There are 2 protein chains.
Amino acid sequence: MTRWLSDDERRAWRGYLDMNAQLSAHLHRQLQADSGLSLADFDVLVQLTDRTEPRMRVGELADALQWEKSRLSHHLARMNKRGLIAREDCPDDARGAFIVLTEKGRQAIEQAAPAHVDTVRDLVFDHLSAEEVAALAAISARVLGRLGRGGPEPA
Amino acid sequence: MTRWLSDDERRAWRGYLDMNAQLSAHLHRQLQADSGLSLADFDVLVQLTDRTEPRMRVGELADALQWEKSRLSHHLARMNKRGLIAREDCPDDARGAFIVLTEKGRQAIEQAAPAHVDTVRDLVFDHLSAEEVAALAAISARVLGRLGRGGPEPA
DNA sequence: CCAACATAGGTGATGTGTCAACTATTCCGG
DNA sequence: CCGGAATAGTTGACACATCACCTATGTTGG
């Protein structure tokens with residue numbers, strides 16, 4: 001027996017889906033227009049920047065991003081072709097590879113980040129109360145917790 | 001001068017992005033495994049079902065979904081090939097086309113919907129308080145309001 | 001009537017995400 | 001030290017989204 005959603009839940013769900021679609025589209029266009037980077041590029045570059053170590057193993061990057069390795073592999077190939085990152089052989093493990101930020105990649109992320117953050121503020125946080133920000137964090141944590149535990153919830 | 005996000009905001013933003021990524025991936029896999037439909041298929045079929053009129057103009061569908069017409073056109077071509085929808089000529093306007101739900105499409109959506117709703121409940125709403133649901137709706141409305149102002153305004 | 005324009009919708013190229021299968025290496029028990 | 005299992009990462013096929021452009025038709029002012 002399936003329970004349908006209540007009116008409030010349906011409203012919240014539709015709102016969430018719509019916000020998602022429009023927000024990510026908007027952020028992607030802004031970033032692309034402003035810096036030529038995609039949101040995916042941005043996330044990869046942030047990971048590579050947020051470390052003292054300049055090199056990062058592909059698997060480590062995949063874990064940090066929570067991306068499937070296949071997705072990352074494809075994406076790194078594209079970023080490599082555009083000169084945003086480069087590959088280095090891994091001496092300890094001949095199967096592995098290091099990914100390094102190129103100068104061009106560093107410039108791209110440094111140029112892109114401020115406007116991106118401004119856009120996020122402008123579209124989201126400038127319009128939310130502290131309570132709403134807390135609620136968003138709480139909701140995310142709750143749902144992510146549920147997603148983390150595999151399988152359906154035992155009654 | 002760019003202000004960076006506060007700790008709380010950063011936490012909320014990361015949570016939101018992670019929740020999004022994982023939630024949509026999970027919902028997509030569930031729907032796909034359970035019924036062979038994608039989330040996009042599902043949304044299209046819902047629009048076609050939620051009407052008394054069995055036929056719908058392509059543009060009308062695009063408006064309802066808030067999809068770009070090109071996206072819809074491509075997607076309808078795929079759904080048509082799989083027999084989920086069909087096209088009909090529009091007598092009033094030879095440029096236009098009607099989209100109709102096929103029997104196969106109707107069966108697919110009717111079979112898919114209950115499990116999908118159950119999954120949404122199980123992953124999201126079973127874990128949120130009434131206040132959190134209200135907050136989610138409020139946040140979405142606020143952000144969508146901001147996104148709405150500034151877009152292509154129908155003069 | 002007709003030329004300019006607007007509208008409905010489709011097309012092809014490109015970038016992105018997923019799945020399944022693959023290659024090359026490393027690890028590990030006997 | 002060797003053969004099978006695990007691991008690192010890649011590849012190819014396909015679904016999807018966007019962009020820029022295209023076709024065909026409708027609309028409208030002169």
Side-chain angles (χ1 to χ4, degrees), chain A residues 17 20-33 35-44 55-82 84-99, chain B residues 17 20-33 35-44 55-82 84-85 87-99 152 154-155:
Chain A
L17 293 177
N20 243 212
Q22 307 223 24
L23 188 52
S24 71
H26 200 291
L27 289 174
H28 190 259
R29 277 196 204 99
Q30 176 273 323
L31 191 59
Q32 186 82 52
S35 65
L37 296 178
S38 68
L39 286 171
D41 297 333
F42 189 86
D43 287 346
V44 170
R55 310 177 306 169
M56 215 170 159
R57 288 291 294 269
V58 173
E60 192 187 355
L61 201 45
D63 286 350
L65 290 162
Q66 306 212 107
W67 282 14
E68 297 182 10
K69 59 190 181 155
S70 167
R71 173 184 180 185
L72 182 55
S73 184
H74 281 301
H75 204 87
L76 289 176
R78 290 187 293 262
M79 292 181 75
N80 186 40
K81 194 156 58 181
R82 288 190 292 148
L84 296 170
I85 55 124
R87 296 169 184 285
E88 281 179 12
D89 286 343
C90 179
D92 297 344
D93 187 338
R95 293 168 303 183
F98 282 114
I99 302 299
Chain B
L17 293 177
N20 244 214
Q22 306 223 23
L23 189 52
S24 72
H26 200 291
L27 288 173
H28 191 260
R29 277 198 205 97
Q30 177 274 323
L31 191 59
Q32 186 80 50
S35 65
L37 297 177
S38 67
L39 286 171
D41 298 332
F42 189 86
D43 287 346
V44 171
R55 312 177 306 168
M56 215 169 158
R57 289 290 293 270
V58 173
E60 192 188 357
L61 202 45
D63 286 349
L65 290 163
Q66 307 211 108
W67 282 15
E68 298 181 10
K69 57 189 183 153
S70 167
R71 174 184 180 185
L72 182 56
S73 184
H74 281 300
H75 203 89
L76 289 175
R78 290 188 294 263
M79 291 181 76
N80 186 39
K81 194 157 58 183
R82 289 191 291 147
L84 295 170
I85 55 124
R87 296 170 184 283
E88 279 179 14
D89 287 343
C90 178
D92 296 344
D93 187 338
R95 292 169 303 182
F98 282 115
I99 302 300

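Per chain, numbering begins at 1; letters A, B, ... match sequence-line order. Heavy atoms only: backbone and side chains are in, while hydrogens, waters and symmetry mates are out. This one's a predicted model, so the numbers in the text were calculated from it and none came from an experiment.
- Atom-to-atom, CG of Asn80(A) to C1' of dG15(C) comes out at 16 Å; the value is rounded to the nearest Å.
- Atom CG of Asp43(B) and atom P of dC16(D) are 12 Å apart (whole Å).
- The shortest distance between side-chain heavy atoms of Ser35(B) and Leu31(B) falls below 4.5 Å.
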Heteroatom pairs (N/O) under 3.5 angstrom, protein to nucleotides 6-9 of chain D:
from, atom 1, to, atom 2, distance (Å)
dT7(D), O2, Arg95(A), NH1, 2.3
dA8(D), O3', Arg57(A), NH2, 3.3
dG9(D), OP1, Arg57(A), NE, 3.1
dG9(D), OP1, Val58(A), N, 3.4
dG9(D), OP1, Ala97(A), N, 3.1
dG9(D), OP1, Ala97(A), O, 3.3
dG9(D), OP2, Gly59(A), N, 2.7
dG9(D), N7, Lys69(A), NZ, 2.9
dG9(D), O6, Lys69(A), NZ, 3.0

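- Screening residues 86-99 of chain A for side-chain hydrogen bond (donor to acceptor under 3.5 Å, both in side chains), with sequence neighbours left out, gives Asp93(A)-Arg95(A).
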Kindly list each side-chain donor-acceptor pair under 3.5 angstrom involving residues 69-78 of chain A, sequence neighbours excluded, with atom names and distances?
from, atom 1, to, atom 2, distance (Å)
His75(A), ND1, Arg78(A), NH2, 3.1
His75(A), NE2, Asp41(A), OD1, 2.6

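- In this structure, CG of Leu65(B) is placed 14 Å from P of dC16(D), rounded to the nearest angstrom.
- Rounded to an integer number of Å, the gap from Asp89(B) CG to dG26(D) P is 12 Å.
- Residues meeting the side chain to side chain donor-acceptor pair (under 3.5 Å) test with Glu68(A), sequence neighbours left out: Arg29(B).
- Each of Ile85(A), Asn80(A), Val44(A) was compared with Ile99(A) under the side-chain contact (heavy atoms from CB on, under 4.5 Å) criterion, and only Ile85(A) meets it.
- Rounded to whole angstrom, the span from the CD1 atom of Ile85(B) across to the P atom of dG9(C) amounts to 12 Å.
- Side-chain contact check for Met56(B) versus Phe98(B): every heavy-atom pair is 4.5 Å or farther apart.
- Contact check for Leu37(B) versus Leu84(B): side-chain heavy atoms found under the 4.5 Å cut-off.
- Remark: Asp43(B) pairs with no residue by the side chain to side chain donor-acceptor pair (under 3.5 Å) rule, at least two apart or across chains.
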Between N or O atoms, less than 3.5 Å apart, protein on one side and nucleotides 16-20 of chain C on the other: list the pairs.
from, atom 1, to, atom 2, distance (Å)
dT16(C), OP1, Ser38(A), OG, 3.1
dT16(C), OP2, Arg78(A), NE, 2.6
dG17(C), OP1, Arg71(A), NH2, 3.0
dG17(C), OP2, Arg71(A), NE, 3.4
dT18(C), O4, His74(A), NE2, 3.2
dC19(C), OP1, Arg29(B), NE, 2.7
dC19(C), OP2, Glu68(A), OE2, 3.1
dC19(C), N4, Ser70(A), OG, 2.5

